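Remarks on the structure that follows.
Letters A, B, ... mirror the listed sequences (proteins, then strands); counts begin at 1. Excluded from the calculations below are hydrogen atoms, water molecules and symmetry mates; all remaining heavy atoms, backbone and side chain alike, are included. Just so it is clear, the structure is predicted and the values come from calculations on it, not from any experiment.
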Amino acid sequence: MNEVSPAGEPLIRLRGITKEYTRGGETLRVLENLDLDVARGSFEALMGPSGSGKSTLLNLLAGLDAPTQGTVEVDGKRIDQMSEGKLASWRSNHVGFVFQSYNLLPVLTAVENVELPLLLTPVASSERRKRAETALRVVGLTDRMGHYPRQLSGGQEQRVAIARAIVNDPLLIVADEPTGDLDRASADDILRLLETLNRDLGKTIVIVTHDPAAAERARITHHLDKGKLRA
Amino acid sequence: MTFLGLAAKNLGRNKVRTGLTVLGVAVAVLTFLLLRTVVSAWTAGADHAAKDRVVTRHKVTFVMTLPKRYADDVRKAPGVKLSSWANWFGGRDPAHEDEFFATFAVDGKTYFAVVPELVVGEAQMAAFLEDKSGCIVGDMLAKKLGYALGQKVTLESGIYPATETPWTFTVRGIYTATARNVDRVSLMFHWDYLNDALPEARRDEVGWIMSRVEDPTRTADIGAGIDQLFDERDIQTLSQDEHTFLKSFMAGFSAVLTAFDIISVVILAIMTLILGNTIAMGVRERTSEFATMRAIGFLPKHIAVFILSEAVTLGLLGGALGLVIAFPLVEGLLGRWLEENMGAIFPFFRLPLPVVGLAFALSVALGVLASLLPARTAARIKVTEALRRVA
C-alpha cells in the first residue's frame with residue numbers, strides 16, 4: 001500500500017522502493033515496492049512494529065542507505081544514484097540527524113558537539129562557534145554550552161543533539177526514536193522543541209517512533225507493517 | 001575546535017591507557033636506543049679507523065704470528081711511509097683480577113708515530129724509550145686502577161707465561177687520545193723486553209705490522225703490493241686497510257651483533273603491537289561515534305586521518321619521552337660508567353645522533369603502520385549497521 005502526502009510539491013519523493021538485505025546467504029526483503037511523498041515543511045511520523053522497516057525507510061530518505069530498487073528524490077535530486085562522497089557532502093548540507101542514544105562525542109563540550117558538522121564547511125572558526133551558540137540558544141541550552149555530555153541529563157543531551165542537527169540549517173531533520181531513552185516529561189520537551197522547529201523555522205521533520213504521544217505531534221503518521229505502508 | 005584538536009581530545013579520553021601506551025613506546029624506544037648504541041660503540045673503532053693505515057697479518061689468521069724481519073720488508077714496500085709492529089700480550093694484573101684491558105708489546109720507537117691518535121708527553125716518551133721495562137698506559141686505565149708514573153706493575157699472561165722472573169713494568173707514560181672513540185684503557189710496553197725474555201723458539205715473531213701509507217686512496221693497491229712481497233715465502237700475509245682489519249677482527253663477535261640487530265627489530269615489532277592494540281581498542285569503543293560522524297557527513301578519509309593522527313601523536317609522545325629518558329641515562333650515567341669501567345670494549349659509549357634520529361622517526365613511522373589496519377576498519381564501517389548496534 002502506498003501513501004502520498006497531499007499538500008504541494010513534495011520535498012521527498014520515494015518511488016517503487018524495495019530494500020533487501022542478505023544475511024548468511026538468505027535474502028531478507030525489508031521494504032517492498034513502496035511509494036512515499038513527504039511535503040516540504042511537513043512533520044511526519046513513521047510507526048510500526050519492530051522489524052517493519054521504519055528505520056530502514058528513514059535511512060533511505062536521509063541518504064544513509066541505498067535502495068535495492070526504486071528511486072529516492074529529495075528537493076528534486078536523485079540521491080539513490082550519488083557516490084558515497086557526494087552523498088556524504090549532500091547529507092552534511094541538507095540533513096540533520098537525531099538519534100535515540102543522542103550519539104554525542106563524550107570528549108567534546110556541548111558547543112563543540114554542535115560545531116562538529118561545521119568542520120566540514122569552509123566557515124571560519126569564530127563563525128562556527130557563533131552558529132553553534134545560536135543553535136544551542138534555539139534549543140534553550142545557553143547555560144550548558146561548556147558542559148560535557150556526562151554533565152547533562154538525557155533530555156539536555158538530546159537538545160544538544162537537536163542543536164547539532166539544525167546548526168547547518170538543513171532542509172530535513174530525521175529523528176530515529178528521539179524520545180526512546182527519555183522519561184515522559186523530557187520526551188514531551190523534545191517533542192515540543194521539534195514542533196517548534198517545524199512550525200517556526202519551517203523545518204521538514206520525519207521521525208521514527210513507537211511512542212503514540214510522539215506520533216500525535218506529527219501532522220501525518222505513516223504505519224509500516226512487514227515492509228509496506230498501511231493506510 | 002579543529003580536526004587536530006578533536007584528535008588530541010580523543011587521546012585524553014582514557015588518560016591511563018594513553019599514558020601507559022606512551023610509556024610502553026618510550027621503553028621500547030629507550031631499549032632500541034641502548035641496543036643500537038651498544039652496537040655503535042662496539043664498532044666505533046672500525047668505523048673511525050684511520051684511513052691511511054694498512055695492517056698486515058698472517059694470511060691464515062691473525063692469531064698466528066709473522067717473522068719480525070717482515071716488518072723491515074714492509075717498511076720498504078712502495079707507498080709505505082712508516083711502519084711498526086705489535087704483539088697481543090694478553091696480560092692481566094693479578095691485583096685487579098676482574099679488570100680486563102688490552103696489553104700490547106710494541107716497537108716503542110715507531111709505534112706512536114704510526115698511531116698518532118695516542119698522545120704521550122715528550123718527557124714521558126723519552127723516559128719510556130730509555131727504560132726497556134717501561135710501559136705506557138691509557139689515562140682512563142691509570143685512573144681506574146690507580147696507576148701512577150714510576151709505579152711498578154706486574155702482569156700475568158696466558159700467551160707468554162713468566163718463567164724465572166715475573167713480567168714487571170714501570171709506568172713511564174700516560175697517554176691520552178685525540179678522539180673520544182679511541183681506547184684509553186690499554187697498556188703498551190717494549191717488544192724487545194718481551195722478545196729478549198722468550199725462549200729461542202718463540203723469538204723474533206710479531207703479531208701484526210701496521211703501516212701508514214702515502215696515499216690513503218690507494219690502501220688496497222699498497223696492501224696488495226705488500227702481500228706480493230711474501231707470495232713466494234713460507235708464510236704469506238694478508239694486508240688490509242685498518243677498517244677492514246678491525247671489521248674482520250670483530251667478525252668473531254658477529255653472532256652477538258646479529259643477535260642485537262634481531263632484538264632491535266623485535267623491540268620495534270613489540271612497540272608496533274602495543275600501539276596497534278591501543279588504537280584498535282580505541283577504534284572499537286568509538287564505532288558508534290565514527291558512525292555518527294559518517295552520518296553527518298564526514299568521509300571515510302576523515303575518520304582514517306583522525307586515527308592516524310592519534311597514532312602519530314602517541315608515537316611522537318612515546319619517542320620524545322624515550323629520548324628524554326635516554327639522554328641523561330646514557331650521556332650522564334651509563335655511558336660514563338661504561339667508558340670508565342669497560343673502556344676496552346666501549347671506549348666511547350654515547351648516543352649516536354643518527355641512531356637518535358632513526359629511533360624518533362621509527363616511533364612515528366611505526367605509529368602510522370600500527371594504525372593502518374584499525375584506520376581501514378573504522379573507515380569502512382557500515383553506518384546504518386553501526387548505528388543500529390548503538391540503538
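The main-chain N or O of A/P170 is found under 3.5 Å from a side-chain atom of A/K203 such that the two form a donor-acceptor pair. Looking only at distances, no side-chain donor or acceptor of A/E44 sits under 3.5 Å from a matching main-chain atom of A/H222.
Residues of residues 116-126 of chain A having a heavy atom under 4.5 Å from any heavy atom of chain B, listed by number: A/L116, A/P117, A/L119, A/L120. For a heavy-atom cut-off of 4.5 Å, chain A lies close to B/L299, B/P300, B/H302 in residues 299-313 of chain B.
Listed options A/A88, A/G96, A/S55 were ranked by heavy-atom pairs under 4.5 angstrom with chain B; first place goes to A/A88. Counting heavy-atom pairs closer than 4.5 Å to chain A, the top-ranked of the candidates B/L6, B/I296, B/N10, B/T2 is B/I296.
Side-chain polar atoms of A/D189 and A/S186 form no donor-acceptor pair below 3.5 angstrom. For A/D176 and A/Q100, the side-chain atoms include no donor-acceptor pair closer than 3.5 Å. In the model, B/T278 has no side-chain atom that pairs as donor or acceptor with a side-chain atom of B/R17 under 3.5 Å.
Using a cutoff of 4.0 Å between basic side-chain nitrogens and carboxylate oxygens, A/R29 and A/E20 are scored as salt-bridged. Under 4.0 Å is where a charged nitrogen must lie from a carboxylate oxygen, and between A/E112 and B/K9 at least one such pair does. A salt bridge is defined here as a Lys NZ or Arg NE, NH1 or NH2 lying under 4.0 Å from an Asp or Glu carboxylate O, and B/R294 with A/E84 meets this definition. Between A/D75 and A/K77, none of the side-chain N atoms (NZ, or NE/NH1/NH2) sits under 4.0 Å from a carboxylate O, so this pair counts as no salt bridge.
The cationic atom of A/R23 (NZ for Lys, CZ for Arg) lies less than 6.0 Å from the six-membered ring centre of A/Y21 and within 45° of the ring axis.
Residue A/Y102: no heavy atom, backbone or side chain, is found under 4.5 Å from chain B. Using a 4.5 Å cut-off between heavy atoms, B/R286 makes no contact with chain A at all.
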message: I'd like to know whether A/K54 forms a side chain to side chain contact (heavy atoms under 4.5 Å, CB included) with A/H210, so could you lay out the CA-CA distance, the side-chain angles of the two residues, the decisive distance to 0.1 Å, and finally the verdict.
response: CA-CA 10 Å; A/K54 309 182 293 294; A/H210 278 106; 3.6 Å; yes
